[in-house]
Amino acid sequence: MSDWDNGITLQSVLASVRAGTNRGLRLGAEHVLGESDAQAPLEEGTLERSGKVSTDEGDLKAAVSYDTPYAVAQHEDLTFRHDAGRNAKYLENALNAEAPTVARIVQQQVRRELGR
């Protein structure tokens, strides 16, 4: 008896891949947010606390953003001085450094959804 005889259809496989991808993207974005928070300029923690993850499951997209009036200036202005371990480009650096980890997270979630 094949898997196809057990009710597994192409549509169910694609739905599982999509569900795993969406979960992986959300978890990956949360990972990037954590890494970014660890590098974000820190005065009172307002910038770090404003970070959030948003997803668009229909388009298989995830985003990390910060919602303070000065988030862009802190990210882009390389002349600002920051405490040790904190820096401009905190989100960009985290995303670039963690891209392979995010890919592994997505892969693991798809495999999990497929039962492998």
Side-chain angles (χ1 to χ4, degrees):
M1 185 178 234
S2 74
D3 287 341
W4 300 108
D5 296 332
N6 291 327
I8 296 175
T9 64
L10 178 59
Q11 289 78 18
S12 69
V13 170
L14 292 175
S16 293
V17 169
R18 187 172 198 80
T21 300
N22 273 312
R23 188 173 45 254
L25 288 171
R26 182 177 26 79
L27 292 172
E30 289 172 1
H31 174 75
V32 169
L33 176 61
E35 295 298 312
S36 180
D37 282 348
Q39 298 177 46
L42 183 63
E43 185 71 29
E44 298 172 0
T46 305
L47 176 62
E48 187 176 323
R49 285 191 303 274
S50 78
K52 69 176 187 172
V53 167
S54 54
T55 60
D56 181 339
E57 292 188 2
D59 285 338
L60 295 174
K61 293 181 181 179
V64 176
S65 61
Y66 288 86
D67 186 25
T68 64
Y70 50 84
V72 172
Q74 286 289 339
H75 189 270
E76 296 299 319
D77 195 330
L78 300 177
T79 65
F80 290 168
R81 294 178 60 201
H82 303 291
D83 294 339
R86 305 293 181 150
N87 50 271
K89 302 294 187 180
Y90 48 93
L91 181 52
E92 183 177 335
N93 291 340
L95 180 59
N96 289 336
E98 298 305 315
T101 300
V102 171
R104 280 192 300 276
I105 291 169
V106 172
Q107 180 184 42
Q108 289 168 348
Q109 294 305 310
V110 170
R111 284 184 175 163
R112 178 179 167 208
E113 191 67 32
L114 292 171
R116 296 184 183 262

* Side chains of Gln39 and His82 in contact at under 4.5 Å (non-hydrogen atoms) -> no
* To do: Using the test side chain to side chain donor-acceptor pair (under 3.5 Å), find all partners of Arg18 that sit at least two apart in sequence or belong to another chain.
  => none
* Are Val64 and Ile105 in one and the same hydrophobic cluster, where Ile, Leu, Val, Met, Phe, Trp and Tyr link if side-chain heavy atoms are under 4.5 Å apart? -> no
Could you list the donor-acceptor pairs under 3.5 angstrom formed by side chains in residues 53-60, with sequence neighbours left out?
| unit_1 | atom_1 | unit_2 | atom_2 | d |
| --- | --- | --- | --- | --- |
| Asp56 | OD1 | Gly58 | N | 3.1 |
| Asp56 | OD1 | Asp59 | N | 3.1 |

* List in chain and number order the residues that pass side chain to side chain contact (heavy atoms under 4.5 Å, CB included) with Thr79, two or more places apart in sequence or in another chain; answer none if no residue qualifies. => Asp77
* Structure fact -> Leu25 and Val106 have their tightest heavy-atom pair at N-CG2, 3.8 Å
* Asked: Leu47, Phe80: one ILVMFWY side-chain cluster at the under-4.5 Å cut-off?
  -> no
* To do: Grab the two heavy atoms, one from Tyr90 and one from Pro41, that are nearest each other, plus how far apart they are.
  => CD2-CD, 3.4 Å
* Asked: At their closest point, which heavy atom of Ala88 faces which heavy atom of Asn93, and how far apart are they?
  -> O-ND2, 3.7 Å
* Structure fact -> Tracing side-chain contacts under 4.5 Å among Ile, Leu, Val, Met, Phe, Trp and Tyr outward from Val72 reaches none
* To do: May I have all residue pairs that pass salt bridge (Lys or Arg N to Asp or Glu O under 4.0 Å) and include part of residues 39-52, sequence neighbours excluded?
  => Glu48-Arg86
* **Leu27 with Leu91, same ILVMFWY side-chain cluster at under 4.5 Å** => no
* Sequence neighbours left out, what passes side chain to side chain donor-acceptor pair (under 3.5 Å) with Glu76? Give chain and number order. => Lys89
* Asked: Which ring pair (Phe, Tyr, Trp, His ring centres under 6.0 Å) pairs, counting each pair once, include a residue from residues 36-58, with sequence neighbours left out?
  -> none
* Reported CG-to-CZ distance for the pair Asn87 and Arg81, which is rounded to 0.5 angstrom -> 14.5 Å
* Other than Leu42, which residues form its hydrophobic cluster under the rule that side-chain heavy atoms must be closer than 4.5 Å? -> none
* **Which residues share a side chain to side chain contact (heavy atoms under 4.5 Å, CB included) with Glu113, sequence neighbours left out** => Ser16, Ala19, Arg23
Can you give each donor-acceptor pair under 3.5 Å made by side-chain atoms of residues 29-38, sequence neighbours left out, with the distance rounded to 0.1 Å?
| unit_1 | atom_1 | unit_2 | atom_2 | d |
| --- | --- | --- | --- | --- |
| His31 | NE2 | Glu98 | OE1 | 2.7 |
| Ser36 | OG | Tyr66 | OH | 2.8 |
| Asp37 | OD1 | Tyr66 | OH | 2.7 |

* To do: Sequence neighbours left out, what passes side chain to side chain donor-acceptor pair (under 3.5 Å) with Arg112? Give chain and number order.
  => Gln109
